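Let me begin by presenting the structure, written as structure tokens, before commenting on it.
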Number of protein chains: 2
Amino acid sequence: MGIVRKTKAVKILLDLFDNGFSAISAVDLVERLKDEMNKTTVYRALDRLEDDGIVHSFVGKSGLKWYAKCKSSCTADHHNDVHPHFECKKCKKVMCLPVEVTIPNIPNHTIDNTAVFITGICDNCND
Amino acid sequence: MGIVRKTKAVKILLDLFDNGFSAISAVDLVERLKDEMNKTTVYRALDRLEDDGIVHSFVGKSGLKWYAKCKSSCTADHHNDVHPHFECKKCKKVMCLPVEVTIPNIPNHTIDNTAVFITGICDNCND
DNA sequence: TGTATTAACGCAACTAAAATGCATTAAATT
DNA sequence: AATTTAATGCATTTTAGTTGCGTTAATACA
Ligand SMILES: [Mn+2]
Ligand SMILES: [Mn+2]
Ligand SMILES: [Zn+2]
Ligand SMILES: [Zn+2]
């Protein structure tokens, strides 16, 4: 189970995700919120938000953990809304890509989960 | 530039990759080779092997770094042979998948690199 | 085959991300 | 308002990987 109490810390985090950047790393959040809450609180609150299907996480190319808000379709038990993530090597922004990636059939393998991480140059930096 | 001298450590590593498991994490290698070389040596030798296109690396679901041998088509300057990686949640093995994943067009984005990491159950564990 | 050069190594110390233990605080419930 | 306990803050620890530096051993060459 995830969030039980709507604490100050949780409200601040939810607010940040709503007035949304596309995705933010745990490290960035810890730094950005260092005057408002302890880094342990950031990590633990993110854990709970993810448990509840409010945010989802993924690891970037360097192994850092990133978080982004889930679409309303996600719940605690079912994490729908699976999509690739994109890191712009120019502006360093990381974003969710609302596209579908099809994995070809892999004989005798049962696919559980697919994580796609793309790097390149984003639309904003491209023109 | 990568490997210049064929040291004992490099030979041991190459030997491991040849009598190949599919993919192995740096952490596993450090542990497995702890009696034969220092962990710093493992990390540095892997770096050089990757520079030369002899092995390639990728980040697993938990953020750990994994290594696998490259196909002969890879060189120091051109890393061909891009493919998804698969982790079996039963036997915990991680392997290279020799399949092609097509990324749909993303308007105005320039794609540089794509990493696909799949989890599920491997052929061996499936029957 | 010996000597010189320096890439590579070992070891200790360090860094960064994340996790943990525990006493304290503040949401929620009554 | 009093009670309960989820959530927090702070200190400490763990884990993965890196760095600096003195030493060693692979290669080249006399
Ligand atoms: Mn996303
Ligand atoms: Mn591979
Ligand atoms: Zn950009
Ligand atoms: Zn398996």
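These numbers come from a predicted model, not from an experiment. All values below come from the heavy atoms of this structure, side chains included, with hydrogens, waters and symmetry mates left out. Letters go in sequence order (proteins before strands), and every chain restarts at 1.
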For [X] and [N], what is the distance between atoms [atom1] and [atom2] respectively, to the nearest whole Å?
X	N	atom1	atom2	result
D35(B)	dC9(C)	CG	P	17 Å
K34(A)	dA17(C)	NZ	C1'	16 Å
L46(B)	dG17(D)	CG	P	10 Å
L49(B)	dA7(C)	CG	P	17 Å

side-chain hydrogen bond (donor to acceptor under 3.5 Å, both in side chains): which pairs involve [range], sequence neighbours left out?
range	answer
residues 2-21 of chain A	D18(A)-K69(A)
residues 111-120 of chain B	K89(A)-D112(B)
residues 55-64 of chain A	E50(A)-S57(A), H56(A)-H83(A), H56(A)-H85(A)

> Using a cut-off of 4.0 Å between protein heavy atoms and nucleotide atoms, how would you tag nucleotides 4-11 of chain D 5' to 3' with B, S and -?
Replying inline: -BBSBBBB
>> For a quick test of reading the model: is some side-chain N or O of Y43(B) closer than 4.0 Å to OP1 or OP2 of dT18(D)?
In response: no
> Which pair of heavy atoms, one from W66(B) and one from K92(B), lies closest together, and at what distance?
Replying inline: CH2-O, 4.4 Å
> Where do V101(A) and P104(B) come nearest, in terms of heavy atoms and distance?
Replying inline: CG2-CD, 4.0 Å
> Among residues 57-69 of chain B, which contact DNA chain C at a heavy-atom distance under 4.0 Å?
Replying inline: none
Is the shortest heavy-atom distance from the side chain of [X] to the side chain of [Y] under 4.5 Å?
X	Y	answer
M95(A)	C122(A)	yes
R48(A)	V10(A)	yes
L16(A)	L33(A)	yes

Determine yes or no for a side-chain-to-main-chain donor-acceptor pair under 3.5 angstrom, with [X] supplying the side chain and [Y] the backbone.
X	Y	result
D52(A)	I54(A)	no
D123(B)	N108(A)	no
S22(A)	V94(A)	yes

> Once you build an axis from the first five pairs and another from the last five of the helix from dT1(C)-dA30(D) to dT30(C)-dA1(D), how far apart in angle are they, to 10 degrees?
Replying inline: 30°
